[in-house]
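Have a look at the structure below before the remarks.
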Number of protein chains: 2
Amino acid sequence: MQKSVGPNEDTNTTPESNAKRISPPLSKIPGVPLYVQIREAVRREITDGDLQPGERIPSEDELGTRFGVSRMTVRKAIADLIQDGLLYRSHGVGTFVTQVQIDRDHTRLTDFFESAQEQGLEATASLLSRERIRANPKVAQALALEEGEEILRIGSLRSLDGEPITLHYAHVPAKLATDLPTEEFLYHSVWLLIENRNSLKVKRAVEHLEAQLADRALARLLQIERGAPVLYKERTVFAEDGTPVEYEECYNRGDRYRCSVILHH
Amino acid sequence: MQKSVGPNEDTNTTPESNAKRISPPLSKIPGVPLYVQIREAVRREITDGDLQPGERIPSEDELGTRFGVSRMTVRKAIADLIQDGLLYRSHGVGTFVTQVQIDRDHTRLTDFFESAQEQGLEATASLLSRERIRANPKVAQALALEEGEEILRIGSLRSLDGEPITLHYAHVPAKLATDLPTEEFLYHSVWLLIENRNSLKVKRAVEHLEAQLADRALARLLQIERGAPVLYKERTVFAEDGTPVEYEECYNRGDRYRCSVILHH
DNA sequence: GAGTGGTCTAGACCACCCG
DNA sequence: GGGTGGTCTAGACCACTCG
């Protein structure tokens, strides 16, 4: 593992048996898998600061003994936390808490309205257009449709705290968009509506981002100067089975909107 | 480790429907974990088209029998492929090939020079500056340093096929940047150099993206008009243990550069 | 009810790292 | 050598889906 030069903050090296930590022998809530209970117990230890960044957590054998479960169950719990970036393992050495906990919220596929609410902002939208049209080549490609197949296209202007932020176009295969009530578009992302109505699970999305300039029409809608910077985003949302559910085109005010991403190596 | 390879394949007259698929009873390469061999065998079936999008793959029991391994081993192989987005599971139903295989290459943390090369482009860079300075608040925050700690700051202009694309500033904690030969900056990402020299593993990165306009100086460097769109990217690269390794500021030509991302729900 | 994936066990041997 | 994680087994029971 890394010898990283001169860690000037060592602190821990607690002599062994900090046995008070983590262990509450787990009252085994029925209906909740053991590995989930263990995972959340360990996660709590980390977020509460009982396990400090850089600190080694108890070994898998140790945790298995404490919680009264087999080692494979512990490993499943830990694997999830590693996936989340809270822990990392080093063969022959141990399992450790990562130094910097990355805030995942910014990189999750979230509903515009929900995530605004979580940040204490008032999200609103006004409907600009709603039309059933035939997919042009670009949209067809994105939604894995034949060119000319019918889609629903919804234009809206999204605002935060009353200030226009995004000109938004959603494209949905017509067969997924039957009976979507218009007013719902103003309170929920389209893919969320489709998920609820078609009992499919939205799983991932691919985004492409570019810097552009506002033309006259866009500038007026977003209440910015013509030629002001705009973050243009194309997004395709996929269901669990890999089927495209929605294709979006978003024109975001450059001075009010930034985008956060996590990459893996 | 070696089992002297005893998959007596006489038994394989099983009248199973698609018994031809997937199964070559696995010659169990010594030194390569079984789940890796199984995973890659299944992955090959998918990329080769032997398993079609939407198709159900054999059940876990079935695969375990065919490959001569336990079910947990099969599950580990499949879990990896699900993580990669090639498969998805449905409880009580089966495991299936996803409809659309997302190209992961665009969303991996990659070296600018390597990834350009893979796309058949000639990546070059010219060094603009190299200085040891004290971290300002923003850089210190990003690199988890105290304000005023020493860092190495490297400015360069990156080009593709001779055309300037990105004005790039890399910031590295001085303690990680000892003896980095200047000429290397022109052929490799800084975090890659650090990874090699400090025997640490780069694991993830966080990016923030904004749309901006080119000012006069930037415009001249990138050979674009003043006021042209620029995709501004801040990126922090983290080692496996969560330690920040590098903080970058990139000014990318809006008309030549786009950024791709995967989100999860 | 039959088949599938979801969880879990109680071991085992190995590879790796450290003192 | 002793402790750690990495892999693997041969079972088990459960929950879910579907015909």
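So that the names make sense, note that chain A is the first sequence line, chain B the second, and so on, each numbered from 1. Computed from heavy atoms alone, side chains included, the values below leave out hydrogens, waters and symmetry copies.
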Qualifying residues under side-chain contact (heavy atoms from CB on, under 4.5 Å), relative to B/His264, sequence neighbours excluded
A/Arg204, B/Ile262
Mind checking what makes side-chain contact (heavy atoms from CB on, under 4.5 Å) contact with A/Asp80, not counting sequence neighbours?
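Here the qualifying residues are A/Tyr35, A/Arg39, A/Lys76.
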Could you list the residues that satisfy salt bridge (Lys or Arg N to Asp or Glu O under 4.0 Å) with A/Glu184, not counting sequence neighbours?
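Expected list: none.
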Sequence neighbours left out, what passes side chain to side chain donor-acceptor pair (under 3.5 Å) with A/Ser70? Give chain and number order.
A/Thr73
A/His188: partners by ring-ring contact (aromatic ring centres under 6.0 Å, His included), with sequence neighbours left out
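ring-ring contact (aromatic ring centres under 6.0 Å, His included) check on A/His188 returns nothing, list empty.
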Which letters describe nucleotides 1-10 of chain C, given B = protein heavy atom under 4.0 Å from base, S = only from sugar-phosphate, - = neither?
--BBBBBBBB
